[in-house]
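The structure appears right after this line, and notes come after that.
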Amino acid sequence: MTVADSAQTPKRANPFLSLNLETALESLGEDYYDIVPAAEFPQQILRFRNDELLQKLGLEPSTVTDEDFIEAFGYFQGVRPFLALRYHGYQFGEYNPNLGDGRGFVYAQVRGTDGKLYDFGTKGSGRTPYSRHADGRLTLKGGVREVLAAEMLHRMGVRTSRCFSLVETGEQLWRGDEPSPTRSSVMIRFSESHIRFGTFERLHYLGRKDLIEKLLDWVIAHYYPHLNDTLPPLTSEGTGNPKEKYARFYQELVQRVATLTAQWMAAGFCHAVLNTDNMSITGESFDYGPFAFIPTYNLKFTAAYFDYYGRYSYGNQPAICRWNLQMLQVPLKAVINEADMEAALEEYYDHYNREYRQLMLSKLGFGAEMPEEAGTELVQLTLQLLAESQVEYPEFFWQLRQQFSPEWRENCDCIFGPMETDSELFASWQRAYFHLLQFVGTADLEGMRERMAKYNPQTVILRPKIEAVWEPIAQEDNWQPFYELLDQIKRD
């Protein structure tokens, strides 16, 4: 090829800049967001790309280069405007009107191959009107931790946002009492929605019923479209009010949040900062700061060092999520009948308990067809065993998966290996497990193996494991242990 020929060769198009982007959020109008610029960084090094999510966008990973990621999600080329959303929230129980996207914005919205609308949201992309005294940046370690948290939760079947990309940006950041600076990054979060409980709470604070109703209509149209179909009345006395879909929306949100909380609890996950601005209106888990997976079963386990009174402890999560739903009623009662919302919230614990019971039974290998009383007894004994033995929570279920044998159905005494715990408690657990096995047909025993493999991964990112992959990055810029851990999470 001659120089003249190469000059005439058209530049290859970046597939991200050719996506059919949507302007759903932008169509809401500027009562809900501010248009902001992206920061300019001195360096862009792609550290993580999520090829699984490329396929959800209809993109073949082999056709997308690292340079494509950097151009779109490091330099933020080709898309305008960027929207920093406005919201308030209850933070550790106290209402805070001084919130909003302080270090991120909605980069774009795109329709997935499944027909759903998804957001590309940034984290660490610079200052906004809501940054207050912060720098709008994300530490590299914070980005690494969120990548790992999202991929781990996804592997464990939790409904979660995921990281699309992580780019190191070459700045030095000072945090807290740290004696030396730390490295910087910008992350792209791929989620169902950027709308939070706090988005509605801000509108109530401003006294804007009109904007609450407009936002609720928008949320239903984009994330609960089935509610716009003809629905039977809530009660036999129902009148078919066209706004009945609002009450149905809240009812479904309660169920989604109860399910999500049950997923966290079964996974042994402590979010640590369940403020209402960290609760998604779609019932999706997101924003992983000081999270932790519990090492042992301890309801008082607290992941955030600043959670002095244990408000967001592992065991408090179901009650806190219910409280957040109750606080959401304050703005929503401007357009939804309060009695209908209270009735929906009354069902929260029933739904949570059903979901949690079944998820724990799934971790133990059993399907949904088990007798309720016997299944409940086994779950309760399992939790007692975990609490009293203080065996490592993920290790218990991994070893159960490894040791499981069809012979357990024939001999109670061979169920699971010996444990360092009260022998009578363990014997009671064995008998309960054996009893439930009698309801499993011979042909279904292999299904138990598959269920345990799905819900009980070998690799769970307890804090020491995260520190073990961060140390080589911090000291030697060695990313291999990080990539190997991600492979283990997906493979195990």
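Note that the coordinates shown come from a computational prediction; the quantities given were computed from them, not determined experimentally. Below, each value reflects all heavy atoms present in this structure, side chains not excepted, and no hydrogens, waters or symmetry copies. Start at 1 with the first residue, then count along the sequence.
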Closest non-hydrogen atom pair between His351 and Ala258, with its separation = CD2-CB, 3.7 Å
Pair Arg12 + Asp68, salt bridge at N-O below 4.0 Å | yes
Do you know the tightest heavy-atom contact between Ser184 and Glu168?
-> O-CG, 3.4 Å
With distance as the sole criterion, is a donor-acceptor pair present between the side chains of Asn324 and Thr276 under 3.5 Å?
-> no
Is the distance between the ring centroids of Phe105 and Phe76 under 6.0 Å?
-> yes
For Gly89, does its backbone N or O pair with a side-chain atom of Asn96 as donor and acceptor, under 3.5 Å?
-> no
Salt-bridge test for Asp51 and Arg49: reply yes if a basic N is under 4.0 Å from a carboxylate O, no otherwise.
-> yes
Ignoring hydrogens and angles, tell me if any N or O in the side chain of Arg159 forms a donor-acceptor pair with the backbone of Thr282 under 3.5 Å.
-> yes
Polar side-chain atom of Asp277 near backbone of His88 as donor-acceptor pair, under 3.5 Å | no
Heavy-atom donor-acceptor pair, Ser125 side chain to Thr122 backbone, under 3.5 Å = no
Does Arg162 come within less than 4.0 Å of Glu52, counting only side-chain N to carboxylate O?
-> yes
So which heavy atom on Ala150 is nearest to which on Ser161, and how close?
-> CB-O, 3.4 Å
Does NZ or CZ of Arg202 lie under 6.0 Å from the centre of the six-membered ring of Tyr87, at an angle within 45° of the ring axis?
-> no
Judged by modelled atom types alone, do Thr302 and Tyr305 share a side-chain donor-acceptor pair under 3.5 Å?
-> no
Kindly indicate whether the side chain of Asn456, heavy atoms from C-beta on, has any atom under 4.5 Å from the side chain of Phe396.
-> no
Salt bridge between Asp135 and Arg127, side-chain N to carboxylate O under 4.0 Å?
-> no
Report the C-alpha separation of Arg155 and Glu151 in whole Å, then their side-chain angles, then the decisive distance to 0.1 Å, and conclude whether the salt bridge (Lys or Arg N to Asp or Glu O under 4.0 Å) test is met.
-> CA-CA 6 Å; Arg155 162 64 181 86; Glu151 292 307 294; over 6 Å; no
Does the gap between the ring centers of Tyr312 and His271 come in under 6.0 Å?
-> no
Closest heavy-atom pair, Pro457 versus Met156, reported as atoms and distance to 0.1 Å, is CG-CG, 4.1 Å
Check whether any side-chain heavy atom of Ile195 sits under 4.5 Å from a side-chain heavy atom of Phe200, and report yes or no.
-> yes
Can you tell me how far the CD atom of Gln480 sits from the CG atom of Leu485, to the nearest 0.5 Å?
-> 11.5 Å
Backbone of Phe69 reached by a side-chain donor or acceptor of Glu71 within 3.5 Å = no
Identify whether the distance between the nearest side-chain nitrogen and carboxylate oxygen of Asp217 and Lys245 falls below 4.0 Å.
-> yes
Under 6.0 Å from the six-membered ring centre of Tyr455 and within 45° of its axis: does the NZ or CZ of Lys363 meet both?
-> no
Short question: side chain of Ser131, backbone of Gly102 - any donor-acceptor pair under 3.5 Å?
-> yes
Salt bridge present between Glu252 and Arg256 (N-O < 4.0 angstrom) = yes
Should Leu21 and Gln109 count as side-chain neighbours, where that means a heavy-atom distance under 4.5 Å?
-> no
Side chain to side chain donor-acceptor pair (under 3.5 Å) between Tyr32 and Arg86, intermediate numbers included | CA-CA 6 Å; Tyr32 300 91; Arg86 303 170 181 174; over 6 Å; no
Would you say Gln390's side chain and Tyr297's backbone share a donor-acceptor pair under 3.5 angstrom?
-> yes
Could you check if a side-chain atom of Ile473 sits within less than 4.5 angstrom of a side-chain atom of Arg183, using non-hydrogen atoms only?
-> yes
Arg311 to Trp323, cation-pi by 6.0 Å centre distance and 45° axis angle | yes
Are Tyr33 and Glu26 close enough, and set up right, to give a side chain to side chain contact (heavy atoms under 4.5 Å, CB included), and what steps lead you there?
-> CA-CA 8 Å; Tyr33 56 76; Glu26 191 177 353; 3.7 Å; yes
Tightest non-hydrogen contact, residues Val254 and Ala344, listed as CG1-O, 3.6 Å
Could you go step by step and tell me if Lys141 and Glu467 meet the salt bridge (Lys or Arg N to Asp or Glu O under 4.0 Å) rule?
-> CA-CA 10 Å; Lys141 186 176 185 180; Glu467 292 301 322; 2.9 Å; yes
So, for Gly104 and Thr128, which heavy atoms are closest and what is the spacing to 0.1 Å?
-> O-CG2, 3.9 Å
In terms of side-chain geometry, is the basic nitrogen of Asp119 or Arg189 positioned less than 4.0 Å from the acidic oxygen of its partner?
-> no
Cation-pi geometry met for Arg322 and Tyr352 (6.0 Å, 45°) | no
Mind telling me whether Phe73 and Phe164 have parallel, tilted or perpendicular rings, with 30° and 60° as the class edges?
-> perpendicular
Among side-chain atoms of Tyr393 and Asn298, is any donor-acceptor pair under 3.5 angstrom?
-> no
So, Asp34 side chain and Leu85 main chain: donor-acceptor pair closer than 3.5 Å or not?
-> no
